[in-house]
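A quick write-up on the structure given underneath.
Atoms considered below: every heavy atom in the structure, side chains included; atoms not considered: hydrogens, waters and symmetry mates. In what follows, chains carry the letters A, B, and so on, assigned in the order in which the sequence lines appear, proteins first and then strands, with residues in each chain numbered from 1.
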Amino acid sequence: MDMKDSSPASARRTFFTQASAGVALLALAPGVRLVDLALARVQDEPASATQRWGLLVDVDRCVSGCDACVSACDTEHGLDGNERPQTDAQWIRKVDLVDNNTEHQLSLPVMCQHCEEPPCVDVCPTGASFRRADGIVLVDKHTCIGCRYCMMACPYKARSFIHEDLTGQKTHAPRGKGTVESCTLCVHRVDRGESPACVEACTDAGHEALVFGDINDRNDPLATQLAETTTRELRADLKLNTAVRYRGL
Amino acid sequence: MKIAYFQSVSSSRGYWLISAIAGVVTLAGLLGAHHMENAGHWVTGMSNQVVWGVPHVFAIFLIVAASGALNTASIASVFGRDDYKPLARLSALLAIALLSGGLAVLVLDLGRPDRLIVAMTHYNFKSIFAWNIFLYIGFMFIVGIYLWMMFEPRMNRFSARVGTAAFIWRLVLTTGTGSIFGFLVAREAFDSAVMAPLFVVMSLSFGTALTLLIGMLIFWINGAAIDPALAQKLRRLLGFFVIGVAYLVAVDHLTRLYVTGHHQLERFILVDGGIYTLLFWGVQILLGTVVPAILLLLPRFCQRGYLITAALLVVVGALAQVYVLIIGGQVFPLELFPGYSVTSTFYDGVIAHYTPSLAELALGMGGMGLAVLVTLIGVRILPFVPVQMAGENQD
Amino acid sequence: MIWSGLFEHWSKRRSCAIRTGVITVGLVAGMALSGAYAQVSQPVFPSARGEQCVEPVDVMRRDHFEFLKHQRDKTVHEGIRTPRHSLAGCIDCHADKDAQGRFVPVNAKGQFCQSCHVYAAVKIDCFSCHAARPSERVSQSP
């Protein structure tokens with residue numbers, strides 16, 4: 001899949017304005033999924049700081065009791081668990097809220113917020129926690145020594161420590177005992193031009209409570225929505241400038 | 001000038017008995033660590049809620065105590081108090097031994113202790129943990145040099161200068177250890193500038209208590225006793241350190257009590273936190289602060305038995321304090337949504353449970369065992385222990 | 001330039017010679033001591049799919065871990081997922097199938113990675129995290 005003639009920025013834009021780009025590309029690629037072709041970054045080009053991937057969670061659209069995003073994440077990354085809820089990994093979780101004064105009820109997913117100033121990256125002694133150029137916060141499990149300082153530092157409880165030996169890992173989601181992990185924003189999918197599994201699942205379930213895109217791209221539907229409506233960061237007091245924003249909270 | 005003569009501890013039944021006990025405890029720690037690494041951390045009480053457990057309690061206690069153990073040497077060479085000199089060498093050895101014990105526990109509790117080399121070759125200089133690696137290694141190095149200056153007569157004249165460097169280093173080191181917690185902005189229980197000075201004063205108290213206890217043990221093995229005059233000085237000193245810790249603990253809690261947003265956390269620790277409340281009031285405050293303060297500061301309790309009791313209580317209170325600080329601070333949930341009641345599958349909004357397993361308790365205790373073992377090996381091969389205490393006539 | 005090049009060449013040759021010498025001496029000593037000369041056999045593993053490897057065989061034998069490490073850093077930190085030097089790429093060609101047509105992990109006994117690493121006495125822990133079978137089949141494997 002050679003895309004050398006289109007810059008990553010324009011490739012990205014095409015994805016988010018599929019309707020217009022689709023007409024041109026349909027003729028080019030019969031039988032190939034439009035999304036795959038339209039969004040893929042040139043394979044040997046590094047992630048770039050011109051982009052910043054983000055998520056918008058529309059709390060009003062998120063349905064209490066629905067955990068399509070959570071199951072999709074578990075399936076995508078092979079987070080089977082061992083029936084030990086205290087130690088099993090959870091990259092994304094549904095949180096149910098009740099307003100203490102009004103008893104108004106809300107439901108929303110919480111995952112790694114992909115901060116611009118991530119405390120986990122600050123505290124990591126080996127630099128295994130890092131922020132990729134395009135804003136995705138990841139753990140390089142090759143250099144993670146399992147000290148769990150990042151878990152102490154994360155304000156969102158977004159990280160899990162792998163407490164036991166694993167088998168049957170997915171090729172695109174290597175994970176193993178003794179290291180820390182968290183939501184990767186489905187970096188393997190983003191790198192081939194797809195949106196994260198949770199977002200896809202939410203859309204497939206008909207809720208469309210999750211919007212994925214490039215915060216830096218003014219033409220991106222995510223950036224447009226962020227510009228048009230009031231959204232909130234979790235723990236905004238910490239001024240971490242998260243890439244995950246919540247609307248209706 | 002009073003001169004102290006030193007000797008190495010000779011072989012005796014007491015020596016081998018204590019060595020054997022320390023060895024067994026250390027071995028049990030290694031077995032515990034092996035089990036944890038082999039099976040994974042799910043066999044401990046630790047979880048995704050409580051990520052640092054009892055091994056960290058012991059490790060932090062030992063590391064904090066290590067820098068404090070150097071006190072006696074510092075008083076002798078930095079502040080020129082010759083009457084502390086007889087214990088100077090031993091206190092420096094203890095500093096190294098306690099640090100070794102603490103670091104061993106810390107490393108063996110890692111998810112991937114086999115990657116220790118990665119921690120030595122990859123540094124993130126914004127991480128306080130990474131600074132601490134340097135601070136610990138540097139501390140060992142400086143104290144090593146310091147010991148050399150004290151041992152080698154031709155180098156004695158430099159011992160004050162190296163001692164000063166070691167003293168400054170140890171203050172920075174404890175500040176660094178305190179900042180591991182103090183800079184955790186996400187967690188209410190830790191995020192406080194008081195952490196660094198609190199850790200410094202804790203180190204003075206824990207270190208002095210351990211110097212007294214292990215010092216007395218070594219002297220007992222060697223068939224001697226600590227000079228009563230020196231013991232009395234250390235006794236008063238420990239008393240003041242205990243009061244100092246209590247003062248900073250009070251400041252820490254009062255600050256949080258003043259801020260409305262922190263009331264729930266304070267209520268948890270001080271009123272209805274179950275085991276944590278019990279440990280705080282019963283062990284840390286009553287047994288670890290009030291009782292030893294009375295025993296250490298009132299003249300009528302000047303006998304050796306009271307001193308040993310007080311020092312032991314300080315150590316027990318210290319462990320309780322670190323436990324309440326580290327574990328209590330983690331079991332209290334993070335507040336992501338102020339004003340809302342929260343439920344989830346990932347223990348949001350609930351007090352987490354933590355019960356240490358045998359393996360992790362063994363690992364923690366193993367660090368203590370290793371510290372004693374290192375001390376015993378040290379005093380056996382080099383002249384650390386004074387023949388007669390300074391102040392007595394020996395010429 | 002010429003001199004430094006020559007020197008580099010010479011020192012490389014020399015270190016190589018020393019290394020070979022040490023290894024030879026070690027091997028000879030080992031053989032003499034154990035008398036197990038005849039029992040040490042070359043590793044045997046299933047042949048790979050495809051025409052040829054991404055690099056010449058002798059280069060891969062010597063430097064495959066360098067390629068893998070380089071690629072691993074590029075993938076994890078920069079998102080460059082070219083298959084040429086990737087572990088997944090190796091596995092796709094080198095994983096064998098059993099009698100039922102299912103893929104066998106490359107780190108199973110007698111398989112590509114395991115057989116050579118046992119022979120060379122080099123322990124790897126790639127597969128405590130990474131899948132040892134080609135990607136599409138992972139979910140179907142028992």
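The part of C:P83 that comes within reach of chain A is its side chain, from C-beta onward, which places non-hydrogen atoms under 4.5 angstrom from that chain.
Between C:I91 atom CD1 and A:T171 atom OG1 the span is 6.5 Å, to the nearest 0.5 Å. For the atom pair CG of A:D44 and CD of C:E78, the computed distance is 11.0 Å after rounding to the nearest 0.5 Å. Rounding to the nearest 0.5 Å places SG of C:C129 at 10.5 Å from NZ of A:K177. In this structure, the separation between CG on A:D140 and CG on C:D73 is 6.5 Å, given to the nearest 0.5 Å. From C:R133, atom CZ reaches atom CD of A:Q169 across 10.5 Å, with rounding to the nearest 0.5 Å.
Contact detail for A:L138 and C:V76: the closest heavy-atom pair is CD1-O, 3.8 Å. For the residue pair A:K170 and C:A131, the shortest heavy atom distance occurs at C-CB, 4.0 Å. Closest approach of C:H77 and A:R132 over heavy atoms only: O-CG, 3.1 Å. The two atoms that bring C:R72 and A:T143 nearest to each other are NH2-CG2, 4.5 Å, heavy atoms only.
Heavy-atom pairs under 4.5 Å with chain C peak, among A:R131, A:H188, A:H172, at A:H188.
The neighbour count for C:R61 CZ, taken as heavy atoms of other residues, nucleotides or ligands under 6.0 Å away, does not exceed 12.
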